[in-house]
Every structure is written in structure tokens, then in C-alpha cells.
Amino acid sequence: MKLNISSEKKLENGISIPKLGLGVYKVPEDQVYETVLSALEIGYRHIDTASFYGNEEGVGKAIRDSGIAREEIFVTSKVWNDDQGFDSTLKAFDRSMEKLGFDYLDLYLIHWPVPGIFTDTWRALEKIYHGERVRAIGVSNFLEHHLESLSKTAINMPVVDQIELHPKLSQKSTVEYCRKNNITVESWSPLGRAKYLNEPDLVKIADKYNKSVAQLIIRWHLENDFVVIPKSTNVLRQKENADVFNFAISKEDMAYMNQMDEDLRIGSHPDSIKPVSQ
Ligand code: NDP
């Protein structure tokens, strides 16, 4: 698979998303500006934030100050659980846009499938999409049954599902459903939040390619056709995570890594999300 840092994937609605992005969860507002600027300098053109991360202002400012045209950078944000519902989602979107300081967003996601209300939230995303303030809309942490339920009322289906994915959690049924329905899968906590970087099996494979385990895992996501958004505030690690385009994982090693799944989650299970009192 020939790829480079600018490689993109076409979403179902025709727009393109860079396959490698930078995640900024847990990056404090006072650090996010430098973090995003250094990533852009390295060549990242995709930033994944959310209102919940509390750092949209710094993300927006870094992008505006970078000297890179806004259209060349793909930015994602997400509506948080407490803001779900039709009217409150519209307001939450406005707040995110104000903080980011943009006149359009590239991708807006429902952060989690809050029971009983995510279909209303989705109607708001469709309205924002049809008002042309966002280039694509999608979801995060939706399992097959959430997507099926959304399909009953949706005018536009999500073009992206951003889910927790790494070699220890392969989420096969959700990934399969997304592939069948042309929903692009994006991997969050793609490095398993650095928990599995010393796994002997992974170290052995990475050594074969003269790569770090982080690089091996990022390449594994790309070879599986997932969009991948590793987070790092460290310039050297940002560079390392982007240096994954000069090798390819053999079929045998891909097959091996694809069966390392132990259903181990770092984040919440999507079905554990409680309804929010409105
Ligand atoms: P990641 O799997 O990206 O791991 C990040 C951790 O790994 C950090 O501690 C980082 O430390 C460390 N790290 C990064 N690169 C390396 C490396 N090369 N070698 C060693 N350690 C490394 O976890 P995240 O949870 O941050 O997930 C990525 C992004 O996904 C988030 O930032 C966010 O944008 C998104 N996300 C979405 C969620 C959702 O519900 N939709 C939930 C969680 C995340 P350091 O910074 O010091 O380098």
C-alpha cells in the first residue's frame, strides 16, 4: 500500500480526509497551541479535537497562526453528551465554532451514543450539514446497533464512525458493519494510550522493520484502511508517529496482528453511556 503523510481517504459524501491526524485529548489549553503548531510543521494536516477536551480555542488559534491555508487542514470536533438533543446541539456547534474561530468545520461528530436522544442530535447535525457549515458529519463510539437504529430515521447516514481501536481491541462487528455501509472507520487511542508498546510480540515484529512499536501499530491501522489520530505533545514522538510511510507490514505480520484482539478497552463501553437528564 503506497502512502505518504498527505494520503487521504475519500468519505462517502465525496470529501477527503487525511489518513493520519493528530489527536489532542488531554492536551491542556495552554499546551495545545504549541502542540498543534509543531504537528503542522511536521506535515500533519488533520487535527482531532472536541468541546469536551476544552482546547478548541488553542487549536483554532494555532491553525490560524500557522500560515497554512485553512482549506489545507482538516479539523474535527464533537458534540458532548450533556449538549445532546436538537436545539442544544445547534447551540453547542455555534460555541465550538466561536472557540475555533472558523467559519466552517470539516467534520462534526456525535461524541457518544447517548440513549434516547442521539437521533435528535443527529437531526441537528444534518441541519448543520445542509446549512453548509460543516463538510461532513459522523458519529463516534457507535456500535452496529446504534448505527442500525440511526438508519431508521436518518436522511444522511454518518460518513465516519470514530471508535476505540488498537491491536488489543479490534471491534470486528462494528468495523464489518462500517465497511459494508461505506462508513469510514477512525481509530481513537490507536496506540492503546501507550499501554502495549512493550508487548514482546509487537517488539519482535517492529524490530524486523527497524521501527518502533508505535510506528508498527500506526502502520497497522493504515494498512487496515483506518484513519488514525495518535496523540503526542512531544515533537520527537509526533515525528516518529508520522514516519510510517517508508515501510509496509507483510501479509503474515498483518494477519498475526489482526488476531491479537483481547477485547481490551481503555475507554468506556458505548452501551454503558447513561441517558442525560435534560
Ligand atoms: P493514543 O493511543 O494516541 O496514545 C497517546 C499516548 O501515547 C500519550 O500518552 C502519548 O504521550 C503517548 N505516545 C504517543 N506517541 C508515542 C510514541 N511514539 N512512543 C511512546 N509513547 C507515545 O491515545 P489517545 O487516547 O490520546 O487517542 C488519540 C486521540 O483519539 C485523542 O487524542 C483524541 O483526539 C481521540 N479520542 C477520541 C475519543 C472518542 O471518544 N471519540 C476518546 C479518546 C480519544 P506523549 O503525548 O507524551 O507523547
Side-chain angles (χ1 to χ4, degrees), residues 17-29 31-32 34-36 38-39 42 44 46-56 58-59 74-84 96 106-114 118 121 137-143 146 158 160-169 171 174 178 184-199 202-203 206 211-222 226-244 264-273:
I17 183 168
K19 291 186 180 210
L20 176 72
L22 178 84
V24 295
Y25 180 39
K26 291 185 190 281
V27 183
E29 177 76 300
Q31 226 184 315
V32 82
E34 294 303 330
T35 299
V36 170
S38 64
I42 291 164
Y44 288 78
H46 170 183
I47 310 293
D48 183 86
T49 185
S51 61
F52 181 67
Y53 304 167
N55 57 21
E56 288 170 310
V59 168
F74 191 101
V75 186
T76 301
S77 193
K78 315 181 188 90
V79 55
W80 184 240
N81 302 354
D82 297 348
D83 292 321
Q84 288 204 31
S96 282
D106 295 282
L107 177 63
Y108 199 45
L109 304 178
I110 301 183
H111 210 139
W112 288 91
V114 176
F118 67 74
T121 308
I137 49 175
V139 293
S140 178
N141 300 303
F142 275 47
L143 303 174
H146 299 116
V160 163
D161 191 3
Q162 184 182 111
I163 55 177
E164 180 180 346
L165 267 186
H166 40 76
K168 297 284 185 181
L169 179 72
Q171 302 230 43
T174 302
C178 287
T184 292
V185 175
E186 250 189 71
S187 311
W188 69 250
S189 286
L191 300 173
R193 230 167 258 167
K195 265 177 121 181
Y196 312 117
L197 300 184
N198 296 318
E199 277 279 317
L202 291 172
V203 172
K211 288 286 173 185
S212 67
V213 171
Q215 290 170 323
L216 176 76
I217 294 178
I218 292 169
R219 184 74 200 192
W220 172 82
H221 288 280
L222 295 170
F226 304 143
V227 172
V228 60
I229 48 170
K231 169 259 176 191
S232 183
T233 48
N234 175 290
V235 183
L236 292 178
R237 287 194 284 279
Q238 288 182 348
K239 277 196 186 134
E240 177 185 332
N241 296 347
D243 180 18
V244 293
L264 288 181
R265 281 178 194 274
I266 284 158
S268 306
H269 192 291
D271 282 332
S272 71
I273 301 300

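Order of appearance sets the numbers: ligands from 1, and atoms from 1 within every ligand.
For the residue pair Asn55 / Thr49, a side-chain donor-acceptor distance below 3.5 Å is found, with atom types taken as modelled.
Side-chain N or O atoms of Ser272 include none that pairs as donor or acceptor with a backbone N or O of Ser268 at under 3.5 Å. Put simply, the side chain of Glu186 never gets that close to the backbone of Ser140: no donor and acceptor are under 3.5 Å apart.
Residue-level contacts of ligand 1 at the 4.0 Å heavy-atom threshold are Gly23, Val24, Tyr25, Asp48, Tyr53, Lys78, His111, Trp112, Ser140, Asn141, Gln162, Trp188, Ser189, Pro190, Leu191, Gly192, Arg193, Ala194, Leu197, Ala214, Ile229, Pro230, Lys231, Ser232, Thr233, Arg237, Glu240, Asn241.
Applying the 6.0 Å contact sphere to NZ of Lys239 captures no more than 12 heavy atoms from other residues, nucleotides or ligands.
Smallest separation of non-hydrogen atoms from Leu264 and Glu164: O-OE2, 3.9 Å.
In summary, Asp48 and Lys78 engage in a salt bridge, as defined by a charged side-chain N under 4.0 Å from a carboxylate O.
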